[in-house]
Amino acid sequence: MSDVADFAQLTDPFRAELLAYCYRMLGSVHDAEDQVQETLIRAWRSYGHFEERASLRTWLYKIATNACLRALENRGRRPLPSGLGAPGANPEEPLTAGHEIPWLEPIPDALVRADPADPASVVASGASLRLALIAALQYLPARQRAVLILRDVLQWRASEVADLLGTTATAVNGLLLRARARIEQAGPAQDEIREPEEAAQRVLLDRYAAAFENADASALSRLLQEDAVFEMPPMLTWFAGRDQVGRFLGARILSQPGVFKAVPIAANSQPGFAFYLLGSDGQQHAHAVHLLTVGGAGIAHIVSFNQPDLFPVFGLPQLVPAATGTAGPRR
């Protein structure tokens, strides 16, 4: 095909679901975007050899799968801190950094739900993008990961997956059984939590933002489940239990009112906030993206991605003028 515009018109409807697929495989929105781009470049270059014996969607998934499998060669999994060791015992002790670790990343809902009425958006929605499942997928070898996603998430038939991977349906079913067993051992328990009604969740989220903006550690603690978890890549240190999480936030994070500014976001089919931090220059600086797992008894899990480079992914600026124009501390 010689016309770039025509090729884009053919492939653009698949871009969101390909991004969701590559993200499930790689655990990184940046890596997923790179591999979608690689997929489309390869598809463009070889489109003249596409004989339409399979659908365009199937052909694109084959290219994307091979791109992801190549990208995963000689790479370790992308973890969260809670997958690497025991929780911290003392919230007052210094934190241990892990800046060299390629951490799991969130993916904004807006990137994988371009049109809620589009079947591609349905594929990208719901529990299949929850952060706990993406973290669990990281425990699987690359081919098992691809088989599990194609079979259990995208609902492909075993014969279709076998054709894509160049193997047999029997081999695919064997890989699927092993993948399911390993996922069950990894135990993404957060995905089984029953969320409150939308109105109740909205109230809880508003209180969460207010607690940070008002530096009210006691109010924040009351929003947590008893077994709540708080982790903050790229820090290796994480905390478990309402008391420990509340102590840490009160002692180390929530120093004074007006330091944090919360902006609602949604990622991995979960609610969250992008937090800006007031600097000594009087501007709000991109600080962290919080992704929340909300259950019927409160907030069960908070992942604070202390990675300002995620803000542009959510369409957010790195700097915003402070509402009051008052300078303040900068962590």
Side-chain angles (χ1 to χ4, degrees), residues 16 19-20 23-24 27 29 80-82 103-114 116 121-122 124-136 188-214 216-217 219-233 238-239 242 245-246 249 253-254 260-277 284 286-308 310-316 320:
L19 181 62
Y23 171 73
R24 293 186 186 98
V29 62
L80 288 173
S82 56
W103 295 103
L104 191 69
E105 295 176 353
I107 189 166
D109 287 356
L111 293 183
V112 291
R113 293 183 186 174
S121 294
V122 176
S125 66
S128 68
L129 276 172
R130 301 278 290 194
L131 197 64
L133 178 59
I134 302 301
Q190 289 95 331
D191 287 335
E192 300 170 4
I193 293 175
R194 292 186 178 180
E195 295 183 354
E197 295 296 327
E198 184 176 352
Q201 178 170 284
R202 185 68 263 164
V203 169
L204 185 148
L205 294 175
D206 288 345
R207 290 175 177 171
Y208 182 85
F212 264 86
E213 292 181 340
N214 297 327
D216 191 339
L220 186 59
S221 294
R222 291 194 293 271
L223 302 176
L224 304 178
Q225 290 189 175
E226 186 176 352
D227 58 351
V229 168
F230 183 88
E231 48 190 328
M232 49 198 150
W238 61 284
F239 298 99
R242 179 194 295 139
V245 173
L249 292 173
I253 305 299
L254 303 178
F260 287 104
K261 173 182 172 59
V263 177
I265 55 98
N268 296 78
S269 295
Q270 296 173 234
F273 294 93
F275 279 100
Y276 286 88
L277 186 65
Q284 298 282 359
H287 178 63
V289 171
H290 285 203
L291 209 56
L292 312 181
T293 302
V294 181
I299 297 172
H301 199 144
I302 304 165
V303 183
S304 174
F305 295 93
N306 295 354
Q307 297 158 276
L310 288 172
F311 277 58
V313 178
F314 286 88
L316 295 172
V320 294

Using side-chain heavy atoms (C-beta onward) and a distance below 4.5 Å, is [X] in contact with [Y]?
X	Y	value
Leu205	Pro264	no
Leu224	Ile302	yes
Ile265	Phe311	no

Take Leu249 and Phe230 through the test side-chain contact (heavy atoms from CB on, under 4.5 Å) and record every step on the way to the result.
CA-CA 9 Å; Leu249 292 173; Phe230 183 88; 3.8 Å; yes
Can you tell which of Phe275, Phe305, Phe314 makes a ring pair (Phe, Tyr, Trp, His ring centres under 6.0 Å) with His290?
Phe275
Please answer whether the main-chain N or O of [Y] pairs with a side-chain N or O of [X] as donor and acceptor at a distance below 3.5 Å.
X	Y	value
Tyr208	Gly272	no
Arg130	Gln270	no
Glu231	Trp238	no

Using every non-hydrogen atom in the two residues, find where Asp216 and Ala219 come nearest and quote the distance to one decimal.
OD1-N, 3.0 Å
Closest non-hydrogen atom pair, Leu291 against Pro106:
CD2-CB, 4.2 Å
For Asp109 and Leu129, run side-chain contact (heavy atoms from CB on, under 4.5 Å): C-alpha distance rounded to whole Å, both residues' side-chain angles, the deciding distance at 0.1 Å, then the answer.
CA-CA 9 Å; Asp109 287 356; Leu129 276 172; 5.9 Å; no
Pairing residues for Tyr276 by the side chain to side chain donor-acceptor pair (under 3.5 Å) criterion, not counting sequence neighbours
none
Atom pair CG/CZ of Leu19 and Arg24 - distance to nearest 0.5 Å
10.0 Å
Let's go through Leu104 and Leu131 carefully: what are the C-alpha distance in whole Å and the side-chain angles of both, what is the deciding distance for side-chain contact (heavy atoms from CB on, under 4.5 Å) to 0.1 Å, and is it a yes or a no?
CA-CA 9 Å; Leu104 191 69; Leu131 197 64; 3.7 Å; yes
Parallel, tilted or perpendicular: which fits the ring planes of His287 and Phe260, with parallel below 30° and perpendicular above 60°?
tilted
Stepwise side-chain contact (heavy atoms from CB on, under 4.5 Å) test for Ile134 and Ile107:
CA-CA 11 Å; Ile134 302 301; Ile107 189 166; over 6 Å; no
